[in-house]
Amino acid sequence: MRKHDLIRKFLGWRKHLTSRACVLLFVTSLLFTLAVPPASASTNPQSSASPSDSFSRLAASCGPDTLTRAIIAGGDMLYDTLYGARKEDRPRLNKICGIVKKFAAAGKPVKPFNPAPEAFFYGLGLTFAQGSSASVFVYLDAIYWESGDQFLKLTDMKAIQDYNSFFKRTEFLSIAPETPRFGEQVHLKGHQPMFFSDSVYVFWVPESDSYTSSPSISSRTPSYPVDSALLLYEGKQQFGYYDVSFLLPALGKAADGSMKPVGSKGSLHVSGGPGEGGSHFDHMELLPSSKPFLSVNGVPSISEDLRPLLREGRAMLPLRSAAKLAGQSVVWDASSWSVLIRSKPPQKSVSSYLRPQLWIDGKLASPELQPILIGGLTYVPIRALTAAFGISVAWDNASRSVLIDL
């Protein structure tokens, strides 16, 4: 099997690998143990045939359009991939092509040899548009090229310096604001070279004395980092880079599909698919929203028409907007100064009441459910929505959110 075929096969196996170290050890050993013949081959390279014409043509045309992917493997401490389709990677791919061109111009053919253990975990794995692949690695005081039966040695300090410049960690994760608030915008930006799937998942792991991770949840999609993790957001990534914004919810989705309160202390995890690793912020504290907000089925509402108010120690919602959300109707009767839900207007006149009255199914609601008028809008205590529409409504003090489950 050709080496680039094995690399493609590795990309199919990656979803079954459950640790970053396993992936790194596998890919780097694949790149370099398959790049050379068995260990019985000579370890003292000697001159052989001249560089092939096909390699000269490959080097002459080398660029981001022909060098489609470059894997950078640095033992169990570094893994990165450059893509010709990603604009930001093209300058670094051009630098690699500069090394390739130097091999074509000054590389000396040598007999294949086994560089292990010095080069076993380090090197560049290159894939070209026409399907060919190659390995580039440094051994002692020279840099080597291996592709098929082409094995070249280059003694060029500038080429070695350019090669070494690729072995720097590039993953990062930033969050703004640094201390997020519930119901308000969170911006996450980062790079994780081990992300291969299209999706990126943001989890919250509540603070706990112990953490467990069952195989049934770590191998599924999305892959929960621990059993207690709550999914906050699902977005997209490309080439291992992501830049996402979302409203921080008061509830997250547990592995069993239920919605649970996030809580204020824990850690934020950004993950890819199963076995793709991730990045995280530990020991975080989430702050209550600066203003009360409404969550519908765990999702924060951005509508100001549904913004709750706190009055007299009670959380209150605009009745008409909440009724519309629940698919119900309400009627305002000016003559009796009453809010009617499945009720007829009462016989008493407006002067009989000191404040608006709420009627549900023909009966006057209890005093603790009665509405108030603010800015021309009728607000009711959240408990009135349960009484009127039978929906689950609760107040979450940690996030300052009214939770509605429809």
Side-chain angles (χ1 to χ4, degrees), residues 13-26 76-77 79 169 171-175 177-183 186-237 240-242 244-288 295 297-300 396 398-399 401 403:
W13 289 341
R14 65 176 184 260
K15 62 177 67 177
H16 302 296
L17 302 176
T18 57
S19 74
R20 177 189 177 101
C22 288
V23 175
L24 292 170
L25 290 173
F26 184 85
D76 60 356
M77 297 299 294
Y79 178 88
R169 298 179 69 92
E171 62 262 40
F172 70 92
L173 173 60
S174 65
I175 184 171
E178 291 185 0
T179 306
R181 289 184 177 273
F182 286 106
V186 177
H187 182 203
L188 291 172
K189 185 177 183 179
H191 174 46
Q192 175 48 259
M194 297 302 296
F195 286 0
F196 299 103
S197 58
D198 294 335
S199 295
V200 61
Y201 304 94
V202 181
F203 293 94
W204 178 256
V205 177
E207 193 174 75
S208 175
D209 293 332
S210 63
Y211 301 94
T212 59
S213 182
S214 304
S216 60
I217 70 164
S218 60
S219 60
R220 61 185 288 180
T221 301
S223 177
Y224 280 65
V226 296
D227 292 355
S228 60
L230 300 173
L231 179 62
L232 304 182
Y233 176 81
E234 177 181 349
K236 295 295 183 182
Q237 68 87 23
Y241 289 84
Y242 52 91
V244 298
S245 296
F246 59 96
L247 297 178
L248 183 63
L251 302 178
K253 181 182 289 187
D256 62 6
S258 63
M259 302 300 293
K260 296 182 178 180
V262 171
S264 59
K265 293 185 178 181
S267 57
L268 195 71
H269 290 242
V270 181
S271 303
E276 292 183 356
S279 305
H280 53 87
F281 287 108
D282 293 328
H283 309 300
M284 290 185 65
E285 182 170 3
L286 306 178
L287 300 179
S295 292
N297 298 332
V299 180
D396 181 62
S399 60
S401 175
L403 310 175

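- There is a side-chain donor-acceptor pair under 3.5 Å between Ser197 and Glu276.
- The side chain to side chain contact (heavy atoms under 4.5 Å, CB included) search around Met284 returns Ile175, Pro180, Trp204, Leu268, Phe281, Leu286, not counting sequence neighbours.
- Using the six-membered ring where Trp is involved, Phe196 and Tyr79 have ring planes that are perpendicular, over 60° apart on the 30 and 60° scheme.
- With 3.5 Å as the limit, one finds a donor-acceptor pair spanning the side chains of Ser401 and Ser295.
- Rounding to the nearest 0.5 Å places CG of Leu251 at 12.5 Å from CG of Leu231.
- Checked by atom type and distance alone, the side chain of Tyr242 never pairs as donor or acceptor with a backbone atom of Tyr201 at under 3.5 Å.
- When side chains are defined from C-beta on, Tyr233 does not count as touching Leu188, because their heavy atoms never get closer than 4.5 Å.
- Summarising the geometry, atom CG belonging to Asp256 is positioned 10.5 Å from atom CG belonging to Asp227; distances are rounded to the nearest 0.5 Å.
- The closest donor-acceptor contact from the side chain of His191 to the backbone of Gly240 lies under 3.5 Å.
- For the atom pair OG (Ser199) and CD (Gln237), the distance works out to 8.0 Å, reported to the nearest 0.5 Å.
- Ser271 pairs by the side chain to side chain donor-acceptor pair (under 3.5 Å) definition with nothing, not counting sequence neighbours.
- Between Leu230 and Pro261, the shortest heavy-atom contact is CD1-O, 3.5 Å.
- One distance of note links OG of Ser399 with CZ of Arg181; it measures 12.5 Å at 0.5 Å rounding.
- One distance of note links CG of Leu403 with CG of Asp396; it measures 5.0 Å at 0.5 Å rounding.
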